[in-house]
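Worksheet: one structure, shown below.
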Protein chains: 2
Amino acid sequence: MKSQKTTATAEKLIDIAESFFAEKGFYGTSIRDLADGIAIAKSSLLHHYPSKEKLYGAVLKKLAGEMTLEVKYIRKQFTDEKEQIFQFVQLLCNNSEKKPNRENIILRELIDNPKRAEKAKKWFFVDYFKELTGIIKSGQTKGLFKPINPEIFILQLLGAHRYLIISLPTVKQFFDEKIYQQILKDHRTELETFVNERLINEEGV
Amino acid sequence: MKSQKTTATAEKLIDIAESFFAEKGFYGTSIRDLADGIAIAKSSLLHHYPSKEKLYGAVLKKLAGEMTLEVKYIRKQFTDEKEQIFQFVQLLCNNSEKKPNRENIILRELIDNPKRAEKAKKWFFVDYFKELTGIIKSGQTKGLFKPINPEIFILQLLGAHRYLIISLPTVKQFFDEKIYQQILKDHRTELETFVNERLINEEGV
DNA sequence: CACTCTACCGACCGATCGGTAGACAGTCAA
DNA sequence: TTGACTGTCTACCGATCGGTCGGTAGAGTG
């Protein structure tokens, strides 16, 4: 079982790289700091990932894979598209509290990707995005959602959430620390309202 | 008029720094490149702004000042808070087409600010944010807006817009290039709907 | 004329960057 | 036992980083 230790080191690298890239960005993170962070030599890091870019790519790939899986799981678990999109809102909010790194990395990647894309790098979040717009498109054929543009709706929903999340540390000075949890709860409710207003409700009205 | 040439150089520095910081971020931008970009020596750059941090701060300050002024102008120009917030949506959308750098810098700053804030740096967008929430709070006392949390509303509105804008270059591969303008137009309409749903409409229902 | 101030410059600094080379210890198969 | 492979290390590389230094040209001022 020689590969066990190796795998463990590689995974530790991914983990610490995820948090460092999230906090300081690609250019702000040095592979020296990453290696020091898990107490190995820098050249040992480069043994597992032959370049900083490759390591960064591995982090993105793992992150995108996890997120896509989570959405696919929701789509398999619930047949009703309305239920799916509300479950996704819950997933978004819950993950932001459990895994705050994610939003930072995704935002940074969105900003930086256009430059990198010129170097023929693929966008890791394609499947994630297509799963989400797929919910809306599927729901629209069943007459569950209003005839909005699915891509715009998803981007606005993700944006309304992620922007607020990354703003919180900065904006927190305006809030009483005690009502911080209340903010997160109200935000969740507002997101649900946003979704709800784009549903077609056959029974009411 | 000795200061004319100096001012011109300093302004050129601010301009190129704004576009470089927006595109590559703080760590991804070197003061060498900035100096080369306007054909002066690096030491000359450091004559005008004694450090990279100071230059970055000057860019943020100018940007925040402009944006705050724009909002204040809207508030002075229109007395009705409903009109103010709709005008602000127009401002957001128009500026994203005219000055695409802005959204990048603001997003980057929001992500990075918490680290910098530890070094006792102030947040340049305080006034901007307070002007915007001020519109909502003022409108709520007049019974024009639903009793939502003003900070959450503003953050979600800004997020829905800015996230979509910075995503467009990446997501564009999914869109036919010809309908790009239609996307921007639909996005604007959706933002207006988002705002509209949070108004209290005494007449209708 | 002498003095000061501003804008600017090239040369240089120590530190840090991403990445390479080579040695060494442990493991496993032949 | 030997040889190939793996993971790790120290030592080192050229490039680039932000920033300092001493100095110069020119305009303003007395």
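Each chain gets a letter, A, B and so on, in the order the sequences are listed, and its residues count up from 1.
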**Asked** Does A:H47 place a side-chain N or O at less than 4.0 Å from the phosphate oxygens OP1/OP2 of D:dC9?
**Response** no
Identify all pairs in which a protein N or O lies below 3.5 Å from an N or O of nucleotides 13-16 of chain D, and state each distance.
none

**Request:** For B:L55 and D:dG19, give me the distance from atom CG to atom P, rounded to whole Å.
**Result:** 10 Å
**Request:** Scan residues 35-45 of chain B against DNA chain D and write down, sorted by residue number, each residue with any heavy atom closer than 4.0 Å; if none is found, say none.
**Result:** B:K42, B:S43
**Message:** Taking the six-membered ring of B:Y27 as reference, does the cationic atom of A:K24 (NZ for Lys, CZ for Arg) lie under 6.0 Å from its centre and within 45° of its axis?
**Reply:** no
**Complete:** note: B:L46, atom CG; D:dC17, atom P; distance rounded to Å ~ 13 Å
**Prompt:** Roughly how many Å is it from NZ in B:K54 to C1' in D:dG18, rounded to a whole number?
**Reply:** 14 Å
**Item:** Value in whole Å for how far the C1' atom of C:dG19 lies from OH of A:Y49
**Value:** 18 Å
**Item:** Qualifying residues under side chain to side chain contact (heavy atoms under 4.5 Å, CB included), relative to A:K62, sequence neighbours excluded
**Value:** A:I14, A:D15, A:E18, A:E66
**Fill in**
A:D33 CG to C:dG19 C1', in whole Å, measures 16 Å
Name every donor-acceptor pair, under 3.5 Å, that has one atom in a side chain of residues 31-46 of chain A and the other anywhere in the protein, sequence neighbours excluded.
residue: A:D33; atom: OD2; partner: A:S30; partner atom: OG; Å: 3.3

**Under the side chain to side chain contact (heavy atoms under 4.5 Å, CB included) test, residues paired with B:S167 that sit two or more places apart** = A:L110, A:L155, B:Y163, B:V171
**Request:** Nearest whole angstrom, please: distance from the C1' of D:dC17 to the CZ of B:F20.
**Result:** 16 Å
**Request:** Can you sort out the partners of A:E83 under side chain to side chain donor-acceptor pair (under 3.5 Å), two or more places apart, ordered by chain and number?
**Result:** A:Q87
**Asked** Do B:I165 and B:P100 come within less than 4.5 Å of each other through their side chains, counting heavy atoms only?
**Response** no
**Request:** Would you list the pairs meeting ring pair (Phe, Tyr, Trp, His ring centres under 6.0 Å) in which at least one residue belongs to residues 62-97 of chain A, sequence neighbours left out?
**Result:** none
**Complete:** Those residues at least two apart in sequence (or on a different chain) that pass side chain to side chain contact (heavy atoms under 4.5 Å, CB included) with A:Q90 are A:N94, A:R188, A:E192
**Prompt:** To the nearest angstrom, how far is B:Y56 atom OH from D:dG18 atom P?
**Reply:** 14 Å
**Fill in**
From CD of A:E53 across to P of C:dG19 the rounded distance in Å is 8 Å
**Asked** With sequence neighbours excluded, what pairs up with A:K146 under the side chain to side chain contact (heavy atoms under 4.5 Å, CB included) test?
**Response** A:I200
